[in-house]
Amino acid sequence: MENRQIIEKYSFFVESNFSEDHFFKDVLVACYEKKFIDEAILKRISYERLNILKTQLKYYTKDESSSVMVEVAENLMEGIDYTLGFYLKTFNTLELIIEKLKNESLSQMLETGRNLIKETVEESKKLLEYIMENKLKVNNYSYDDTIDHGISLFFDEYEYFFAPHEGEGSIDYQLYMDNMNYKGIEYIRNYLKILSLENEFCSNFDICEINELLKGYDKRSEELLINVFELVLINSLGAIICGKSSSSLNISSADRELIKNKLENLSVEKLQEELLKEADKCFKILSIKNKELIAYIRRSVIKLTDWLYESIKVDRLETVFISLDKNEDDESIEYIDGKKLSNTAFKNLSEEIRECSLIQDKIKLIKNNIKSLEDMIDILNAECLFEDEYIALFKSLSKLELILLTKHISDLNFDREYAKEWYYEFKDYILSLDEKDKESIGEFKERIRVI
Amino acid sequence: MNEIINLFENNSLEKQVFDEIIECNEVTRDYSLKLNEEDVKEIIKTRNIALEKSGRIEFNGQIINKLIIAFRDSPYISQHNYSETINELVEIFYNYKNETLDFIGDEELIEIMKEYFDNYCQGSLELLEGKVLYKIADNIRNGVKDYTNLDSEKD
């Protein structure tokens with residue numbers, strides 16, 4: 001009989017989806033509803049919880065104030081619940097949790113929870129150090145910035161005593177499978193663990209190939225919020241499906257055809273099965289033994305199955321299995337902008353242009369005085385030219401100037417930026433050029449970087 | 001919000017506050033000041049409304065006692081305006097806890113109120129609330145170090 005009860009409790013625990021962020025309250029409510037704890041215990045816990053809050057409020061106000069804003073009290077209470085939940089989550093079964101709730105005082109639990117949080121902070125700091133030392137040499141700003149600066153901000157600001165559930169740092173780099181339900185140090189611990197696993201997997205591949213893969217994904221991949229692991233995992237699976245060396249990441253058009261032929265007739269379930277088999281091969285070939293990494297990759301494979309299935313259906317495999325960008329001629333061109341006019345000089349020039357009645361005079365003034373892209377854009381925005389005059393000016397511009405203006409317009413976010421008249425005139429002018437010029441402007445626009 | 005407030009209110013804090021205010025009559029006897037049970041109930045009601053209006057919760061109920069004890073020797077308080085004045089002071093106190101961004105503690109705020117009430121305001125609650133505390137709160141929000149100085153400019 002007792003055994004049956006235990007099994008029921010166990011199965012209840014497995015079925016119950018306690019939230020990560022309100023674990024303590026969820027467990028308490030669930031245990032009370034299922035009668036695992038009685039009303040007397042619940043009352044005792046509520047009473048102790050309130051007393052803890054009172055003590056916490058005294059610390060918070062340095063005992064100088066007997067009242068606080070409701071939001072302050074709520075936040076402190078959330079911190080208390082978080083710390084209690086942090087401790088209770090260390091037990092694997094609901095039975096153990098119930099035993100603790102019944103026999104241990106809340107202040108004891110809080111104390112242990114706080115110590116665990118402090119330990120976790122220290123462990124996470126060490127893990128961050130390890131990640132910093134072993135980070136991938138990839139060209140991606142969000143990856144570098146998050147590891148080098150963003151996460152440290154969390155530790156600088158973290159308040160384990162009053163607000164253990166808060167703190168975010170400045171994390172831009174997206175993991176393939178992040179858990180946003182975690183809060184405070186739990187979130188950072190989980191983020192760092194997964195980041196470390198993703199790095200561990202990627203470090204099995206040649207870093208030059210990874211960078212070529214990122215370039216193949218997008219010429220400006222260094223500026224994008226992309227996940228490196230996702231791209232590497234997908235291409236490594238693709239390589240294995242094609243029977244290539246597992247450490248190669250390149251997927252050609254012919255490879256994509258081969259992948260399509262192999263996978264196109266599979267149902268989603270069969271596709272998942274197949275991908276998991278390929279992942280198993282990958283573990284063997286790359287000698288991956290880390291169980292956490294193996295589990296993470298398997299979960300990632302399950303996540304990407306639906307997307308791959310849809311991509312096969314619509315014949316868009318080139319967006320899934322990316323070809324490496326090995327084009328060495330395709331290096332970026334750096335443009336260093338010329339000297340800007342002073343505000344007064346710019347004001348005088350724009351007034352002078354407005355006073356001109358002939359477009360030739362306006363163009364002459366612009367050509368002789370404007371030496372920087374920024375000033376050129378400002379002049380175009382300053383309503384010095386009207387209607388056909390824009391086209392006349394554009395005709396007088398060099399190819400480089402046209403490329404720079406094209407880049408400026410394509411970089412603008414039109415949702416926020418008020419579209420100026422000259423944008424439309426410029427667009428019409430570019431469209432009127434011959435195909436060769438248009439193509440060449442488009443190509444250089446991608447490669448040019450304004451410094 | 002409700003959960004926390006209810007939890008605080010359910011644990012007989014009000015009864016405790018009531019008894020403590022009644023006990024204050026012992027201390028104010030020498031100044032011929034006394035609150036009857038109805039007065040106390042009214043003051044507690046004012047406190048509860050003021051707390052709710054200012055979005056605050058109190059975790060021990062000593063503010064009313066502290067105000068009574070601090071103001072008991074004021075030359076501008078006598079039995080005929082005693083209850084009414086305490087009521088107003090309670091309301092002003094919680095309002096200015098918020099307005100001063102919790103920058104000053106209870107004791108200091110009460111001290112400031114008493115000092116200005118007895119001297120600068122000569123017993124005028126309107127002056128205390130509308131001018132003195134308004135200026136002090138403004139000073140605090142603007143980062144003025146000498147925030148109790150009513151003639152101060154921004155630092």
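Letters A, B, ... are given to chains in the order of the sequence lines, protein chains preceding strands, and every chain is numbered from 1.
By the ring pair (Phe, Tyr, Trp, His ring centres under 6.0 Å) test, A/Phe161 pairs with A/Tyr59, sequence neighbours left out. When the ring pair (Phe, Tyr, Trp, His ring centres under 6.0 Å) test is applied to A/Phe24, no partner is found at least two apart in sequence or on another chain.
In this structure the side chain of B/Pro75 reaches within 4.5 angstrom of the side chain of B/Asp118, judged on heavy atoms.
At a heavy-atom separation below 4.5 angstrom, chain A is approached by B/Tyr94, B/Lys97, B/Asn98, B/Asp102, B/Gly105 within residues 81-105 of chain B.
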Under 3.5 Å, side-chain donor or acceptor atoms of residues 115-127 of chain A against the rest of the protein: list the pairs with distances, not counting sequence neighbours.
| residue | atom | partner | partner atom | Å |
| --- | --- | --- | --- | --- |
| A/Asn115 | ND2 | A/Glu111 | O | 3.4 |
| A/Thr120 | OG1 | A/Leu116 | O | 2.7 |
| A/Ser124 | OG | A/Thr120 | O | 2.8 |

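Here the rule is side chain to side chain contact (heavy atoms under 4.5 Å, CB included) with A/Ile97, and of A/Phe36, A/Tyr87, A/Phe91 only A/Phe91 fits it.
The main-chain N or O of B/Thr148 is found under 3.5 Å from a side-chain atom of B/Tyr116 such that the two form a donor-acceptor pair.
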